[in-house]
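Worksheet: one structure, shown below.
Chain letters run A, B, ... following the sequence lines, proteins first and then strands; every chain starts at 1. Heavy-atom basis, side chains included; hydrogens, waters and symmetry copies ignored. What you see is a predicted model; the values in this text were computed from it and never measured.
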Number of protein chains: 2
Amino acid sequence: MQTETSTRERIVVAAARLLQRQGYVGTGIKQIATESQSTLGSIYHFFPGGKEAVAVAAIRYSDQEFAALLKGALDGEDDPAEAVLSCTRQLAAGLRESGWVDGCPVTAAALETLGADSDIQQACADALNSWERLVLDKLVGCGFPAQDARELATTVISAVEGAEVTAQVNRSEEPLLAAGRQLARLIRSYGIGSPRPGS
Amino acid sequence: MQTETSTRERIVVAAARLLQRQGYVGTGIKQIATESQSTLGSIYHFFPGGKEAVAVAAIRYSDQEFAALLKGALDGEDDPAEAVLSCTRQLAAGLRESGWVDGCPVTAAALETLGADSDIQQACADALNSWERLVLDKLVGCGFPAQDARELATTVISAVEGAEVTAQVNRSEEPLLAAGRQLARLIRSYGIGSPRPGS
DNA sequence: TTCTAAATAGAGCGTTCGTTTTAGTGGTGG
DNA sequence: CCACCACTAAAACGAACGCTCTATTTAGAA
């Protein structure tokens, strides 16, 4: 119908940005309405499930958004160690440019709703696992044994996640860049080089 | 300052536990009063600064609490790699026993208040840096060059931090244990304290 | 045009938030 | 005895919360 962004999409995008900056509890429905240039009525029309439903949609959106960035970094380099370095550099730059507020869109929401809301937590778990899977596939494609690749992929995602928080709190790119260098060293320590050619 | 479990201390301890489970925004002053077996009057008597002052005190308390655990793990092992392994094992066990809710006391509060409250953010930054310093001193004491030790210490704290979040979200000890094993491998890759003369 | 349903708009509900205010307690020194 | 103190207790405030509700506007089919 229209090439302009739909109201529903504006709500999701605004919610995702607010969620990553102020968390789930800290973000109000009315604030989402204001930021998305919509109204309460529209939000409850598209999301009868209320605030939690909006949050789940926003987290899934952020999931795909970061997955695209990660996939780009992984596909852009043959060496997985270089790919991780490139990824941390991109994240560090983005963090600095945003004034250290646009962190991981999942971590903030996840930590607040661990005990109660299972839908949000599930969406966060799905996001983390989808990112881990991207790293895992890259490593396996480079010839890493399945077991090593699994453990490495988990560690890479966790470390990047933690380094981003550290970088935000310290308002410095260094934790993220240091983690990237150390992760690259860790990956190289397995002595496996470039992706296997052919099938 | 005679009574061992003073009202002020009960407030701080209760606030710290609530903060690590529900974050800053998700924890109410009245809930802190209930959990600490005190009242609103008592809280505002001891903390005229209000909720933020209570949170800062609670974060500092949690800082020292985790620093003690970390120091215990570092002092209990000669090999820094083994020490990190021991630390992640303890954290994984504690996480499981708490039903995956007692995570890092700093991360949750830090992410919600990045843009606005500088006091809370500063307390979180201080905590992260104090923990990093403990790891740094251990590494330097084991003969690591200052530059490598610094970068390693940052990465270790960040990775443990991130792995704890991943473990919470996935309700599994595995991310934390995997991160411990990979961090140990990374530390050993420097070949310090190990009889292997490689590279 | 007329009808219908989707979409938008916002007043208002009950509740809870952080905070302020006032009152009251028990113990100590003059 | 009273004055004073640190501390406890609870009522009440304005603001904001998530959500429900009723209107109103819009877009397309008949």
Throw together a table of side-chain donor-acceptor distances under 3.5 angstrom for residues 68-86 of chain B, partners on residues two or more places apart or in other chains.
unit_1: B:Asp79; atom_1: OD1; unit_2: B:Ala81; atom_2: N; d: 3.1
unit_1: B:Glu82; atom_1: OE2; unit_2: B:Arg188; atom_2: NH2; d: 3.0

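At a cut-off of 3.5 Å, with distance as the only test, no side-chain donor of B:Thr113 or B:Gln121 sits close to an acceptor on the other residue. Residues A:Ser189 and B:Arg185 bring a donor and an acceptor atom of their side chains to less than 3.5 Å of each other.
Atom CZ of B:Arg150 is separated from atom OG1 of B:Thr155 by 11.0 Å, given to the nearest 0.5 angstrom. Here A:Leu19 contributes atom CG and A:Ile120 contributes atom CD1; the two are 7.5 Å apart, rounded to the nearest 0.5 Å. Here the CG atom belonging to B:Leu95 is positioned 8.0 Å from the CD atom belonging to B:Glu173, to the nearest 0.5 angstrom.
Residues satisfying the side-chain contact (heavy atoms from CB on, under 4.5 Å) criterion with A:Thr34, sequence neighbours excluded, are absent altogether. In this view, B:Phe144 and B:Tyr190 satisfy the ring-ring contact (aromatic ring centres under 6.0 Å, His included) rule, not counting sequence neighbours.
Chain A approaches DNA chain C within less than 4.0 angstrom (heavy atoms of the protein), and the contacting nucleotides run 5' to 3' from C:dA6 to C:dG12.
When the C1' atom of D:dA9 is taken as reference, atom CZ of B:Phe46 falls 14 Å away, rounded to whole Å. With rounding to whole Å, A:Gln22 atom CD is found 10 Å from D:dC17 atom P.
At the phosphate of D:dT8, OP1 or OP2 sits under 4.0 Å from a side-chain N or O atom of B:Ser42.
With a 6.0 Å radius and a threshold of 12 heavy atoms from other residues, nucleotides or ligands, B:Arg96 has its CZ atom above the threshold.
When the C1' atoms of four end pairs are superposed on the next four at each end of the helix from C:dT1-D:dA30 to C:dG30-D:dC1, using five pairs per end, the two resulting axes differ in direction by 20°, to 10°.
If you check every strand for non-hydrogen atoms under 4.0 Å, A:Thr7 touches sugar and phosphate atoms only.
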Please list, for nucleotides 19-21 of chain D, all pairs of protein and nucleotide N/O atoms separated by less than 3.5 Å.
unit_1: D:dC19; atom_1: OP2; unit_2: A:Tyr44; atom_2: OH; d: 2.9
unit_1: D:dC19; atom_1: OP2; unit_2: A:Lys51; atom_2: N; d: 2.9
unit_1: D:dC19; atom_1: O5'; unit_2: A:Tyr44; atom_2: OH; d: 3.3

Applying side chain to side chain contact (heavy atoms under 4.5 Å, CB included) to A:Phe66 and A:Leu134, what does each step give before you reach the verdict?
CA-CA 11 Å; A:Phe66 180 67; A:Leu134 290 176; over 6 Å; no
